[in-house]
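Notes for the one structure printed next.
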Amino acid sequence: MYRGTRLRGARILITGGASGIGRLMALEAARRGAEVAVWDLADDGGASAAAEIVAAGGLASAYRVDITDSSRVAEAARETGDVDVVVNCAGVVAGKPLLEATEESIRRTFEVNTLAPYWVTRAFLPGMIARGGGTVVTIASAAGLIGVARQTDYSASKFAAVGFTESLRAELRADGHDVGTLVVCPYYINTGMFEGVETRFPRLLPILEEHDVALAVIDGIESGREQIILPPFARLVPLMRFLPTRAFDRVADFFGINHTMDHFVGRAQQSVR
Ligand SMILES: NC(=O)c1ccc[n+]([C@@H]2O[C@H](COP(=O)([O-])OP(=O)(O)OC[C@H]3O[C@@H](n4cnc5c(N)ncnc54)[C@H](O)[C@@H]3O)[C@@H](O)[C@H]2O)c1
């Protein structure tokens, strides 16, 4: 039975590890004794995160990979070698209403947030199954549990990421493999990806601190958690599904969910590279 993956002496791959929670997870995993591979498009594949780890006495390498390119993913997986933990963390958001989003950015959102975890996970899972352990982590979002205005593409791409992980968990269990999965559904985090978002009730639904989220995921990998929803109040969202749709919408509106994106600016040129 899956009981988590100890990071001391393990090898971990983090996509999107050049920035935000990916970078912080890379630093924390290395601090706990893991050898870290960072994949990213930016910062020469996450070279500065890897350099920071090596300067602190850890083991790390960086690879410039566009994870939407399945043949580059397969090639980079060969260069990286087997890993015990895969963290699908790279993500993009455009934050536009449906009729203002470009076709290119809608496609890009699904390519990065939904499809890329297939290519990355398929590249490493055979090795994990053969060695009889490991963890596949998918950083989804609370927007993968509830649809949000100005996120028709982002929210749907994260619902798919949640479904991907749940199906994979079922498949691994049905086949008797001891490889585990962890899906992470955070509300907004102060990394800059969602720059400009606002929250109506910050005590119940705070903008999360990036270090707290990174630490929760790394702890979750080691303790064998299968789902993390942050902050705790957001765990009520799945329960709200028992409500009739109109009541569900009124609760979401009361908590200001559909105005959180009113002043969204996000990261410059993030959705199209
Ligand atoms: N920031 C939030 O409010 C928030 C909330 C919930 C979930 N998330 C999710 O957490 C994850 C990390 O978000 P973050 O806030 O740390 O973002 P971030 O923008 O700081 O980091 C994302 C990283 O992904 C990389 N990336 C993007 N496209 C790529 C591609 N095609 N190939 C390789 N790398 C690529 C970027 O270069 C960047 O370094 C994302 O999946 C995001 O959707 C973020």
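In what follows, residues are counted from 1 in the order of the sequence shown. Please read these numbers as outputs of a predicted model, since none were measured by experiment. Read the numbers this way: they start at 1 and go in the same order the structure lists the ligands and their atoms.
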With respect to T68, determine whether any N or O atom, backbone or side chain, lies less than 3.5 Å from an N or O atom of ligand 1. no
Is there a polar contact between ligand 1 and P186, counting only N or O atoms under 3.5 Å apart? no
N or O pair under 3.5 Å between G22 and ligand 1: no
Inspect the contact between D82 and R131 and indicate whether a charged nitrogen and a carboxylate oxygen are less than 4.0 angstrom apart. yes
Can you measure from CG (L182) to CD (Q227) and round to the nearest 0.5 angstrom? 9.0 Å
How close do V73 and A123 get, heavy atom to heavy atom, and via which atoms? CG1-CB, 4.3 Å
Below 3.5 Å, N or O to N or O, backbone or side chain included: is there any such pair between Y188 and ligand 1? no
Short side-chain to backbone donor-acceptor contact, T15 and C89, under 3.5 Å: yes
What distance separates T135 OG1 from I221 CD1, expressed to the nearest 0.5 Å? 6.5 Å
Below 4.0 Å from ligand 1: does a non-hydrogen atom of D66 turn up there or not? yes
Is D219 salt-bridged to R32, going by a charged N under 4.0 Å from an acidic O? yes
Looking only at non-hydrogen atoms, the one of A42, G91, A142 nearest atom 22 (C) of ligand 1 is G91
Got an N/O contact under 3.5 Å between K158 and ligand 1? yes
Working note: Y154 + F194, criterion ring pair (Phe, Tyr, Trp, His ring centres under 6.0 Å); need CA distance, chi angles, decisive distance, verdict. CA-CA 12 Å; Y154 181 80; F194 277 86; 5.2 Å; yes
Show the atoms of ligand 1 that are less than 4.0 angstrom away from any heavy atom in I139. 9 (C), 10 (O), 11 (C), 41 (O)
Check R8 with D84, please: is the shortest side-chain N to carboxylate O separation under 4.0 Å? no
Answer side chain, backbone, both or neither: which part of R108 comes under 4.0 Å from ligand 1, heavy atoms only. side chain
What about T191: any of its N or O atoms under 3.5 Å from an N or O on ligand 1? yes
Using heavy-atom distances, let me know which of S157, C89, G20 sits nearest atom 12 (C) of ligand 1. C89
Heavy atoms only: which of M25, M193, E210 is nearest to atom 42 (C) of ligand 1? M193
Kindly confirm or rule out an N or O of I189 lying under 3.5 angstrom from an N or O of ligand 1. yes
